[in-house]
Structure formats: structure tokens, C-alpha cells
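Remember, it's a predicted structure, so these values are computed and weren't measured experimentally. So that the names make sense, note that chain A is the first sequence line, chain B the second, and so on, each numbered from 1.
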Protein chains: 2
Amino acid sequence: MSAKILVVEDEPAIQALIAVNLKRAGHEVIAALDAETARRHVDEVLPDLVLLDWMLPGISGLEFARRLRGDVRTRNVPIIMLTARGEESDKVQGLTTGADDYVTKPFSPKELLARIQAVLRRQRPQAAEDALEVSDLRLDPVTHRVTAAGRTVNLGPTEFRLLHFLMAHAERVHSRVQLLDQVWGDHVFVEERTVDVHIRRLRAALEATGHDALIQTVRGSGYRLSAEAAEQ
Amino acid sequence: MSAKILVVEDEPAIQALIAVNLKRAGHEVIAALDAETARRHVDEVLPDLVLLDWMLPGISGLEFARRLRGDVRTRNVPIIMLTARGEESDKVQGLTTGADDYVTKPFSPKELLARIQAVLRRQRPQAAEDALEVSDLRLDPVTHRVTAAGRTVNLGPTEFRLLHFLMAHAERVHSRVQLLDQVWGDHVFVEERTVDVHIRRLRAALEATGHDALIQTVRGSGYRLSAEAAEQ
DNA sequence: CGACGGGGTGACGCTTTTGTGACAGGTGGC
DNA sequence: GCCACCTGTCACAAAAGCGTCACCCCGTCG
């Protein structure tokens, strides 16, 4: 889960420290040493999250946060405040101004990352969590369980995601590349044929319940999960 | 006396008004504009109190309240209903569904706060929570005792809370991060792997009674407590 | 008929994820 | 201060999955 993160921190050393860690975690960092620069950046890139130092020269973090909340476009961008230890009243004030979380300095990079993940997770409107059903195959994202005609089907993580995707987009044909993008992730680089292997593993797992025919091969195009039995 | 308050209200203006006032009074506000969001928040943060608008788009306040009462974890979370003036019959119905109090719109912030304080005060002496049972494992939140098939199981505080949470959300898969948030607390920072260790300690404690298989590992996702025996 | 492109399969190192035992604090009772 | 009990982290072992290959089969098409 990577995101564009605007880091507003006037202390260059800390700014750099943060940047290094966020980047290592795969996030995109936009650095700003003062509120003025930050404001410009906000306009230009519309970050996914703002890391905001509480003590800024000139305009305070409080004020900056307030402006973010005032603008329709940035109203929903989550804010994490950086505060010096023990400024309890600031924390309270910060949270009331609309910060989503805070981290006290000094902080461990790990903690910072964890909080960022937490806030981003809270933010994303988690795709529909309802169980999927196709023919009497049933996949429940919440319990992470797959059953076919009552019997439980055991799948590895990748097969689970693959089936999840196929069931969510049943009847449609997906090329190997599409499947790689959707199931493995956009940036991951693996052989296209790898998809074949996982399809096979998935079929093998479903075979025990006689549902392996659900996944059909469309020669030259890709794969499709269909409720209609594949005619031959 | 500050508390985490979930505000379910679809009108942004009112939502904001409420939020400002609650925050000023030192409460932590979790805002939700619709029932769907609210439900997610409930799962994540387990609020101390729910402020619930009667007229919600989609699922009604009544229905939402009923669901809160249906879940073991939220059974005892007090609910204050917000109703439009003059919907007397609604009020009655609301109270019978389990709302603890109601406030008619328009309301004064002072009145709202007063009612909240009152309900919280009334609530404090934790109403007796029901014991949880999964397969013949039994956990009693009141006596803080766990028994499996009659025999008592000895747990440390953390393991107890962990088991409590898992039992309250049986069948569901929880990531390590979720468990840390829920069992350790939002602002505690410990390694994710720490969860593994506690899961192991929990399993070890249950092993004596042969119930250790209740806690299953879902590779790549987390852990799950399930009555169904783990397949293999 | 033989070359060919596509897809199915079984095997196999390798990496990632979990399970585990040990350990260095920390806390509260005494 | 000493003990008994918990806790969070590590390092290492054990699994469980993963991505690739090589090889096979099969329908197509010149």
C-alpha cells in the first residue's frame, strides 16, 4: 500500500530521516520545510496523507491543518501530527482540529510507518466485504474461507486472491497480463506463464469437489470463471 | 470523563456541529455519514457510546441499533438516538430497541453533552457482559475466567484479552495489525511478530485441554478462531 | 505430415511466513 | 532486595507457497 505523502517539517535532519524511511517503504514523499511551500505542494499534487510537524515557523501546524480542512479538495486528506513529547494539550487541540492521529517525537521509523498504514487503511473505503457466490462455490473475504457445496476448500494466499478476483468478475475473460496486474499487483514482475500454474493449482483444489470446470480456458485470450458448465 | 463516541449522522452540517462540541468537551469523535461506514468503525474502534441519527439513508437507525445489540462486543455500548422533534412514536420504538436515551433535534450542545455524561455515568459500572462460548471453550468476562471442557485454563492478561477478542469475533480472520490495534490498543507500538508469540502462548495454554486447534493460522493474512476443526 | 503456438503439468530450488525456545527487562508482592 | 509472573524481541528452525522450467499434449495450418 503505497501513497503520496506530504511531509511538512522544518527541521532538515528530521525531514530527511522521515523521507528515507517512507521511501524505503515504497511511499512517494513530497517534502516541505515550511507551511508556504507545503501549501503550494498541496495544490499541485493533492497528497494521500499529510505528515505535519506541530511546531512550524510562521503559521502553526494548527493553522495549516485548519486550512486543509477548510478546502473541499483537501477536507478528507488524513493528517498525522508530529508533536514533541509531553505536549498533551497540543495533541488534544490537534485532534480536535482534525488530525487523524499523532506521533510524538522522538519516534521510531517503524512506529511512524505503522501509524501511516493504520490511517491509510482507515481511510480507504474497504471494498465490499460481502461473500461471493457463483454456482455453489462460495468465498467469504471476512472469514477468508472458500466452500464448494458445503465442503471447505483449502487455498494458498495467491490462489485465494486469484479466485476472489475471478469470482468478483465472473463470466468475463481475463488475459494473463490483466490477472497479473489485478491479482499480483501492478508493479510486480513475474512470468505470464505463472498464471497458468496458479490456475492449475486452483483447479486442482476445486477438483476435489468437482467444481474445477468452473474455470475455463479461452484459447489465445486467457481464463474465465463461469457458472455455466463448460460444454465440450 | 472523556470517551470515544461514534457519531452516525448523514447531515454533514449537523455532524460537524456535534463533532466540534464533543471534541471541545474532550471526547474522541469518530464520524460516520452512513450506516455502512459506521459499522466498519464499530468493528475497528469499539466506541464507548454511539450517537445515532434516527433517519439514515439505506438502513434505518432502528436496524443499526438492533445490529449493535446483536453483537456480543457491542451489546453493552450505550446508544443515544437523535430524532426530529415530534416523532414521539419513534422515540418509543427507539427506546425499546435498546437506545439508552434520545435527544430531539434541534438540540442545544449543552443538552447533548449533559445527556452523554449522564449515560456514560450510568454505564460505567460495566453492565454484566455475557460469557462467550465457542465449542466447549468458555470465557467469562466478569469473573475473568476461562474454562475448556470444564477444566480451568490459566492465562496471562494479554492472552486473556487476545482470546476474548478472538472469541467475540470468531470465524473472522484478523491481521496482526488489527489484533494489535484491538487487543494491545491503538497507540501502543509493538512488533507485529509479538502477536505470533502470544498466539503461541495462548495455544500452549489451550493445548492442555486439546483445544489448541481452535486458533487457526491463515497464511499471509493473520489468525482466526473457529469452531470448525482446522482442515488438512 | 511436420512445424508451430498455446496451454497443461510435475518437479524443484528458493523465498517468505510462521512456529518456537530463550532471554533480558519490568512489575508488584512481600 | 528477592521472587514469581509477564512481556516484547530475537535468532533460528520448520513450513508453506511461489515462480520457473522443461517437457508433454493437442489442434492448426501450410
What integer distance in Å separates [X]:[atom1] from [N]:[atom2]?
X      : N      : atom1 : atom2 : result
B:E192 : D:dC10 : CD    : C1'   : 16 Å
B:E207 : C:dG19 : CD    : C1'   : 12 Å
B:R176 : D:dT9  : CZ    : P     : 14 Å
B:D196 : C:dT20 : CG    : C1'   : 10 Å
B:W184 : D:dC6  : CH2   : C1'   : 12 Å
B:N154 : D:dC6  : CG    : P     : 8 Å
A:I199 : D:dT20 : CD1   : P     : 16 Å
A:R161 : D:dG19 : CZ    : P     : 8 Å

Closest listed nucleotide, where the reference is the side chain of B:V190 and the choices are D:dT9, D:dC18, C:dG10: D:dT9
Residues, nucleotides or ligands: over 12 heavy atoms within 6.0 Å of B:R145 CZ: no
Base, sugar-phosphate alone, or nothing: which one does [X] contact when heavy atoms must sit under 4.0 Å apart?
X      : value
B:T194 : base
A:F160 : nothing
B:R203 : sugar-phosphate

Most 5' of A:L155 and A:F189 on DNA chain D, judged by nearest nucleotide: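 Between the two, 5'-proximity favours A:L155.
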Contact nearer the 5' end of DNA chain D, comparing A:G156 with A:R219: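 That would be A:G156.
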Report yes if a side-chain nitrogen or oxygen of [X] is closer than 4.0 Å to either non-bridging phosphate oxygen (OP1 or OP2) of [N]; otherwise report no.
X      : N      : value
B:R193 : D:dA11 : no
B:T217 : C:dT17 : no
B:T158 : D:dT7  : yes
A:Y223 : C:dG6  : no

Validation row, ring centre B:H144 to ring centre B:F160 under 6.0 Å: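 That pair passes the under 6.0 Å test.
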Whether B:R224 side chain and B:T217 backbone form a donor-acceptor pair below 3.5 Å: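 No; zero donor-acceptor contacts below 3.5 Å.
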base_contact_polar (D:dG19 base, A:R201 side chain, donor-acceptor, <3.5 Å):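 Indeed there is one.
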Donor-acceptor pair (no angle test) under 3.5 Å: B:R200 side chain, C:dG21 base: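 No, no donor-acceptor pair under 3.5 Å.
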Passing candidate, side chain to side chain contact (heavy atoms under 4.5 Å, CB included) with A:Y223, options A:R176, A:Q178, A:H174: A:R176
Side chains of A:R172 and A:S226, donor plus acceptor under 3.5 Å: no
